[in-house]
Protein chains: 2
Amino acid sequence: MATRTASSPDTSAHLLEVFKALANPVRLQVLQWLRDPEANFPVHEGIADPHEVGVCVSHIQGRLGLAQSTVSSYMAALERAGLVVSTRVGKWTHYRRDEERIAQFTAELGDVL
Amino acid sequence: MATRTASSPDTSAHLLEVFKALANPVRLQVLQWLRDPEANFPVHEGIADPHEVGVCVSHIQGRLGLAQSTVSSYMAALERAGLVVSTRVGKWTHYRRDEERIAQFTAELGDVL
DNA sequence: GCGATGAATCGAAGAGTATCGATATGATAT
DNA sequence: ATATCATATCGATACTCTTCGATTCATCGC
């Protein structure tokens, strides 16, 4: 008999943080865009390797059409939830998805849902 | 080359509604409890088949220790998100997980995350 | 060091959510 | 029809979230 046990407090806290981050249409949209950066954003030439650092936040902001401060706090929320990683290269901050953490979230979700 | 396309508006709306429903610790807890009703709730004898209708909301409320109205609105949110189904048997309302819709959510999530 | 640029942080206002108690609605027994 | 019980809905309050513009912090070029 396989009794299903409740998830640990850490797991639930992580799940909650991710749910909260994604329970906003804009942040969900950004994470989707970041699945295919080349298709959704211009390449930021000569600044950094896009495969390594991802997309410049100014491009994300441009595409969203929201205030710079809003986009900054949104990306911070995604990063706090472990869904993206930020890399600063000079004045430029880039964000890419953290596929490992996303896979971890998916695994945790399978244990809980 | 497999280009990843954006999800449809209906899919995103559904995902959002689920994220919002689960972005609350109490509702997440209830959904986890409902994975294994027998382990988490007393059987409501002679009212209905628990495998068919699930758990009586009064038991959910008793275990949560929240106001009746709060629990009622929470279960409504879970149902609106398609995660549970309610069945009224006389005066008693029962909730069970909607495993099909949950599986659909998981599939959609895999397409989007 | 200064000025310009990029991004994080702050503060504020309006909208949304969590939660309660009160009330309305629905079901049942008499 | 009436009283009781179960639950949905309503209204209110406190808290959180969304979003903006202003400000501060970090980086760069001169």
Side-chain angles (χ1 to χ4, degrees), chain A residues 12-13 16-31 34 41-48 50 53-81 83-96, chain B residues 12-13 16-31 41-42 44-48 50 53-81 83-96:
Chain A
S12 293
L16 268 176
E17 193 160 40
V18 174
F19 287 138
K20 284 181 183 174
L22 296 180
N24 168 283
V26 178
R27 292 197 291 270
L28 181 59
Q29 180 65 263
V30 170
L31 201 64
L34 288 180
F41 298 100
V43 178
H44 209 154
E45 304 279 7
I47 300 293
V53 300
V55 176
C56 183
V57 65
S58 60
H59 291 145
I60 298 171
Q61 181 199 337
R63 183 149 187 200
L64 287 174
L66 294 175
Q68 177 272 318
S69 56
T70 302
V71 177
S72 186
S73 72
Y74 280 4
M75 298 313 296
L78 287 174
E79 188 165 30
R80 203 162 45 242
L83 299 171
V84 299
V85 177
S86 65
T87 306
R88 187 138 199 184
V89 182
K91 294 188 298 185
W92 312 94
T93 295
H94 299 74
Y95 289 90
R96 63 169 172 82
Chain B
S12 293
L16 268 175
E17 194 162 38
V18 174
F19 287 137
K20 283 180 184 175
L22 297 180
N24 167 282
V26 178
R27 291 198 291 271
L28 180 59
Q29 181 64 262
V30 169
L31 201 65
F41 298 99
H44 209 154
E45 304 279 7
I47 300 293
V53 299
V55 177
C56 183
V57 65
S58 61
H59 291 145
I60 297 172
Q61 182 200 334
R63 183 149 188 200
L64 287 174
L66 294 176
Q68 176 270 320
S69 55
T70 301
V71 176
S72 186
S73 73
Y74 279 5
M75 299 314 296
L78 287 174
E79 187 165 30
R80 203 163 44 243
L83 299 171
V84 298
V85 178
S86 66
T87 306
R88 187 140 199 183
V89 183
K91 294 188 302 183
W92 311 95
T93 296
H94 299 73
Y95 289 90
R96 63 168 171 82

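Quick note on labels: first sequence line is chain A, next is B, and so on, each numbered from 1.
Between the CZ atom of F19(B) and the P atom of dC17(D) there is a distance of 17 Å, given to the nearest Å. In this structure, K20(A) atom NZ and dT18(D) atom P are separated by 11 Å, rounded to whole Å. Atom CG in L28(A) sits about 13 Å away from atom P in dT18(D), given to the nearest Å. Per the geometry, CZ belonging to R80(B) stands 12 Å off P belonging to dA8(D), to the nearest Å.
Residues satisfying the side chain to side chain donor-acceptor pair (under 3.5 Å) criterion with R80(A), sequence neighbours excluded, are absent altogether. With sequence neighbours excluded, the residues that form a side chain to side chain contact (heavy atoms under 4.5 Å, CB included) with R27(B) are A21(B), N24(B), Y74(B), A77(B), L78(B). With sequence neighbours left out, the side chain to side chain contact (heavy atoms under 4.5 Å, CB included) criterion links T93(B) to V57(B), S86(B), R88(B), Y95(B). In this view, L16(A) and P25(B), L28(B) satisfy the side chain to side chain contact (heavy atoms under 4.5 Å, CB included) rule, not counting sequence neighbours.
Between N24(A) and dC17(D) there is no side-chain N or O to OP1 or OP2 distance below 4.0 Å.
Contacts classified as salt bridge (charged side-chain N to carboxylate O under 4.0 Å, His left out) and involving residues 69-78 of chain A (residues at least two apart or in different chains) are not found.
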Could you write nucleotides 5-12 of chain C as a row of B, S and -, 5' to 3', where a protein heavy atom under 4.0 Å of any base atom gives B, of only sugar-phosphate atoms gives S, and otherwise -? BBBBB---

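Summarising the geometry of F19(A) relative to L22(B), their closest heavy-atom pair is CD1-O, 3.4 Å, with the distance given to 0.1 Å.
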